Amino acid sequence: MFGRAVFSVLWLLMVPCAPAAAQDTDSAAHAEIPAYTGPVVFTARVVAEYPHDDSAFTQGLLWHDGSLFESTGQEGQSVVREVDLETGEAKQERAIPADQFGEGIALWEDEFVTLTWRNGAIHRWDADTLEPVASHEGFPLEGWGLTSSEEGLIHSDGSATLRVLDPETYEVRRSVDVTLNGRPLRRLNELEMIDGLIYANVWMSPFIVAIDPEDGVVKKIVDLQDIVGSVPVSGTDAVLNGIAWDADKRRLFVTGKLWPSLFEIRLIETDARVR
């Protein structure tokens, strides 16, 4: 379950610092305010908006070799596909077995790796043709999000723990517990590695967090409440989910499950603090 205290921290306690002129100088002389050590809070400016398939239950998103790739969920509807950024239409697509619920996607060398939610199956696909390459059965953990790093594949299962997996055997190489101001942060979903930090959707929230892979500490929070509020969707499943990073052009894309739009955004640092 998502901790109520942590949810409150994310949703309610991001408040701007008081300006220096408003501080009581007499009080300040007698009380030292401890230095802020929490995450840096960002909002986002929309650079561009693109069409997105509003029937797609987006589980994973990534940018590779000039194209957008997406994995989707729901039994009988789960696919891996290459998407035309300008039109939102599938350029090529492969179905995940109909009895399986697709989840996150990552690139490893010249193959895509995709998870399933509770089916214990991990699939590999040729990165050029999306032809199936191999499948692994019996993975013991739920599959939520997946990304890649120099260490291996980084996996989330909806808990506060991220795991580094061997990209060939899927054995756990190491685990790290994710914390926000010292408290566990659960419901970590879709993952994307950007400039050495793991960006993660926090499921059922309008926030993305950026996590240090070494110690699990949340270093950044991206507040996307304005963008989420602007999307004309209804239903509890139509939540923010999907992060893609174009490293060559340094473009960041986000979308959501069943959203009609995909957004290119630019992050803007704020003075907000999370206590």
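All figures in this text were calculated on a predicted structure; none of them were measured in a lab. Just so you know, these numbers use all the heavy atoms, side chains as well, and skip hydrogens, waters and symmetry mates.
With T72 contributing its side chain and Q77 its backbone, the two residues share a donor-acceptor pair below 3.5 Å. Looking only at distances, no side-chain donor or acceptor of S156 sits under 3.5 Å from a matching main-chain atom of G158. Formation of a donor-acceptor pair under 3.5 Å by the E192 side chain with backbone atoms of W245 is found in this model. Judged purely by atom type and a 3.5 angstrom limit, D223 uses its side chain to pair as donor or acceptor with the backbone of Q225. For S148 (side chain) and A106 (main-chain N/O), no donor-acceptor pair under 3.5 Å exists by modelled atom type. Checked by atom type and distance alone, the side chain of N241 never pairs as donor or acceptor with a backbone atom of N189 at under 3.5 Å. Side chain of S205 to backbone of V202: a donor-acceptor contact under 3.5 angstrom is found. A donor-acceptor pair is defined here as one N or O able to donate and one able to accept, closer than 3.5 Å; such a pair exists between the side chain of Q92 and the backbone of D128. With N119 contributing its side chain and F101 its backbone, the two residues share a donor-acceptor pair below 3.5 Å.
Ring geometry for F69 versus F112: interplanar angle of 30 to 60°, hence tilted. Ring-plane geometry between H155 and F139 is classed as perpendicular, the angle between the planes exceeding 60 degrees on a 0 to 90 degree scale with a lower cut at 30.
For the residue pair S175 and T161, the shortest heavy atom distance occurs at CB-CG2, 3.9 Å. Heavy-atom minimum distance, L85 versus R251: CD2-NH1, 4.1 Å. The shortest non-hydrogen separation linking L146 to E190 is O-OE2, 4.4 Å. Of all heavy-atom pairs spanning I227 and S230, the tightest one is O-OG, 2.7 Å. Residues T255 and S261 share a closest heavy-atom pair of OG1-O, 2.8 Å. Contact detail for T58 and G242: the closest heavy-atom pair is CG2-CA, 4.4 Å.
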Exercise. Could you go through the side-chain contact (heavy atoms from CB on, under 4.5 Å) check for V46 and E264 one step at a time?
Key: CA-CA 6 Å; V46 175; E264 179 187 343; over 6 Å; no
Point to revise | Derivation and outcome, side-chain contact (heavy atoms from CB on, under 4.5 Å), residues V164 and V176 | key: CA-CA 8 Å; V164 180; V176 60; over 6 Å; no
Applying salt bridge (Lys or Arg N to Asp or Glu O under 4.0 Å) to R187 and D157, what does each step give before you reach the verdict? CA-CA 8 Å; R187 289 194 177 184; D157 65 354; over 6 Å; no
- Message: Assess the residue pair T116 and I122 against the criterion (side-chain contact (heavy atoms from CB on, under 4.5 Å)); give the C-alpha distance rounded to whole Å, side-chain angles, the decisive distance to 0.1 Å, and a yes or no.
- Response: CA-CA 6 Å; T116 54; I122 299 176; 6.0 Å; no
Q | Verdict with supporting geometry, V218 and L185, side-chain contact (heavy atoms from CB on, under 4.5 Å) | A | CA-CA 9 Å; V218 172; L185 181 60; 4.0 Å; yes
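Here the options are L188, T179, L191, V217, the test is side chain to side chain contact (heavy atoms under 4.5 Å, CB included), and the partner is I211; only L188 passes.
Between atom OG1 of residue T147 and atom CH2 of residue W108 there is a gap of 10.5 Å, rounded to the nearest 0.5 Å. A distance of 11.0 Å separates NE2 in H136 from NE2 in H123, rounded to the nearest 0.5 Å. Rounded to the nearest 0.5 Å, atoms CD1 (I96) and CD (Q74) are 12.0 Å apart. Atom-to-atom distance recorded for I154:CD1 and L165:CG is 9.0 Å, nearest 0.5 angstrom. Distance check, rounded to the nearest 0.5 Å: CD1 of I268 to CZ of F42 gives 10.5 Å. Here CZ of R81 is found 5.5 Å from CD of E93. Values are rounded to the nearest 0.5 Å.
Side-chain contact between D246 and F253 is present, with at least one heavy-atom pair separated by less than 4.5 Å. At a threshold of 4.5 Å between non-hydrogen side-chain atoms, the residues S71 and S78 do not count as touching. L252 places a side-chain heavy atom less than 4.5 Å from the side chain of I243. At least one side-chain heavy atom of W203 sits under 4.5 Å from a side-chain heavy atom of V239. Between E151 and R174 there is a side-chain heavy-atom pair separated by less than 4.5 Å. A heavy-atom distance below 4.5 Å is not found between the side chains of P39 and V209. The side-chain heavy atoms of E70 and H52, taken from C-beta on, include a pair separated by under 4.5 Å. Residues S159 and R186 have side chains not in contact (no heavy-atom distance under 4.5 Å, counting atoms from C-beta outward).
Under the 4.5 Å side-chain contact rule for hydrophobic residues, V233 and I265 share a cluster. M193 and L153 fall into different hydrophobic clusters, where Ile, Leu, Val, Met, Phe, Trp and Tyr are joined by side-chain heavy atoms under 4.5 Å apart, directly or via other members. There is no path of hydrophobic side-chain contacts, each under 4.5 Å, that joins F57 to I105. Residues V231 and M204 do not share a hydrophobic cluster, clusters being chains of Ile/Leu/Val/Met/Phe/Trp/Tyr side chains in contact below 4.5 Å. A single hydrophobic cluster is seen to contain both L258 and W117, as judged by linkage of ILVMFWY side chains at heavy-atom distances under 4.5 Å, directly or through other members.
Within a 6.0 Å radius of CG in D84, other residues, nucleotides and ligands contribute more than 12 heavy atoms. Other residues, nucleotides and ligands place no more than 12 heavy atoms under 6.0 Å from the CD atom of E150.
Remark: R163 does not engage D177 in a salt bridge, criterion side-chain N to carboxylate O under 4.0 Å. One finds no salt bridge joining K220 and E269 here, because no Lys/Arg side-chain nitrogen approaches an Asp/Glu carboxylate oxygen to under 4.0 Å. Under 4.0 Å is where a charged nitrogen must lie from a carboxylate oxygen, and between R94 and D126 no such pair does. Comment: D166 engages R173 in a salt bridge, judged by a side-chain N to carboxylate O separation of less than 4.0 angstrom.
Side chains of T114 and W125: a donor-acceptor N/O pair is present below 3.5 angstrom, by distance only.
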